[in-house]
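Read the structure below first, then the notes.
FYI, side chains are in, hydrogens and waters are out, and symmetry mates aren't considered; it's all heavy atoms of this structure.
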Amino acid sequence: MRPYVLELRPGYAKVRMADRRAVRNHLNSIHAVALANLAEVTSGLAVTTGLPASARGIPTTLSITYLKKARGTLTAEARCDIPDSSRERSTTSSP
């Protein structure tokens, strides 16, 4: 996918992906999974940059609606509120 980070700060990321043959499908448009990967890396960067070094973000859901074929250079933007990492977290131990 070769994402190129254009802008990055806690709670915000802007990432570009070039339209290359490697990310195209048989319909000559950018593959749906490449689009999902672009969305995931962009949103993940926006969240991760705001977390302390000792914290990790683990996605539990991914949902995408495709409205039309994607072609050309794409730019993804993600804005999010950073979770409060100062609260205690619950841990579950396995038996």
Side-chain angles (χ1 to χ4, degrees):
M1 189 189 102
R2 296 184 188 162
Y4 181 79
V5 179
L6 299 169
E7 195 173 340
L8 184 60
R9 61 180 182 269
Y12 179 81
K14 188 174 186 179
V15 179
R16 182 175 61 210
M17 180 178 77
D19 184 350
R20 303 176 297 114
R21 186 168 189 254
V23 295
R24 287 190 166 242
N25 60 23
H26 65 288
L27 301 172
N28 205 27
S29 60
I30 297 176
H31 196 283
V33 175
L35 296 172
N37 284 337
L38 177 62
E40 184 183 13
V41 75
T42 305
S43 61
L45 284 170
V47 171
T48 303
T49 57
L51 296 176
S54 61
R56 287 188 300 185
I58 300 172
T60 58
T61 305
L62 178 65
S63 174
I64 295 181
T65 302
Y66 300 97
L67 302 176
K68 64 180 185 177
K69 292 179 184 177
R71 293 194 174 107
T73 299
L74 301 175
T75 303
E77 254 182 305
R79 289 181 178 85
C80 65
D81 295 325
I82 302 300
D84 180 7
S85 62
S86 65
R87 295 181 300 154
E88 273 191 42
R89 62 181 182 183
S90 63
T91 58
T92 309
S93 59
S94 4

Does [X] belong to the same Ile/Leu/Val/Met/Phe/Trp/Tyr cluster as [Y], with side-chain heavy atoms less than 4.5 Å apart forming each link?
X     : Y     : result
Val5  : Val47 : no
Ile30 : Ile64 : yes
Val41 : Leu8  : yes

Taking every non-hydrogen atom, the tightest pair across [X] and [Y]:
X     : Y     : result
Leu38 : Ala76 : CG-CB, 3.8 Å
Met1  : Val23 : CA-CG1, 4.2 Å
Pro3  : Val15 : CB-CG1, 3.5 Å
Ala78 : Ser43 : CB-CA, 3.7 Å
Gly50 : Pro10 : CA-CB, 3.8 Å

| field | side chain to side chain contact (heavy atoms under 4.5 Å, CB included) between Arg16 and Thr73, intermediate numbers included | value | CA-CA 7 Å; Arg16 182 175 61 210; Thr73 299; 3.3 Å; yes
| request: For the pair Arg24 and Asp19, find out whether any cationic side-chain nitrogen is under 4.0 Å from an anionic carboxylate oxygen. | output: yes
Would you say the side chain of [Y] lies within less than 4.5 Å of the side chain of [X], judging by non-hydrogen atoms?
X     : Y     : answer
Pro59 : Glu40 : yes
Arg20 : Arg2  : yes
Leu35 : Tyr66 : yes
Tyr4  : Met17 : no
Thr49 : Arg9  : no

| Residue Asn28 excluded, over 12 heavy atoms near CG under 6.0 Å |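 Counting neighbours around CG of Asn28, more than 12 heavy atoms of other residues, nucleotides or ligands fall under 6.0 Å, so yes.
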Could you tell me whether the side chain of [X] and the main chain of [Y] form a donor-acceptor pair under 3.5 Å?
X     : Y     : answer
Ser29 : Arg71 : no
Thr42 : Ala39 : no
Thr48 : Leu45 : no

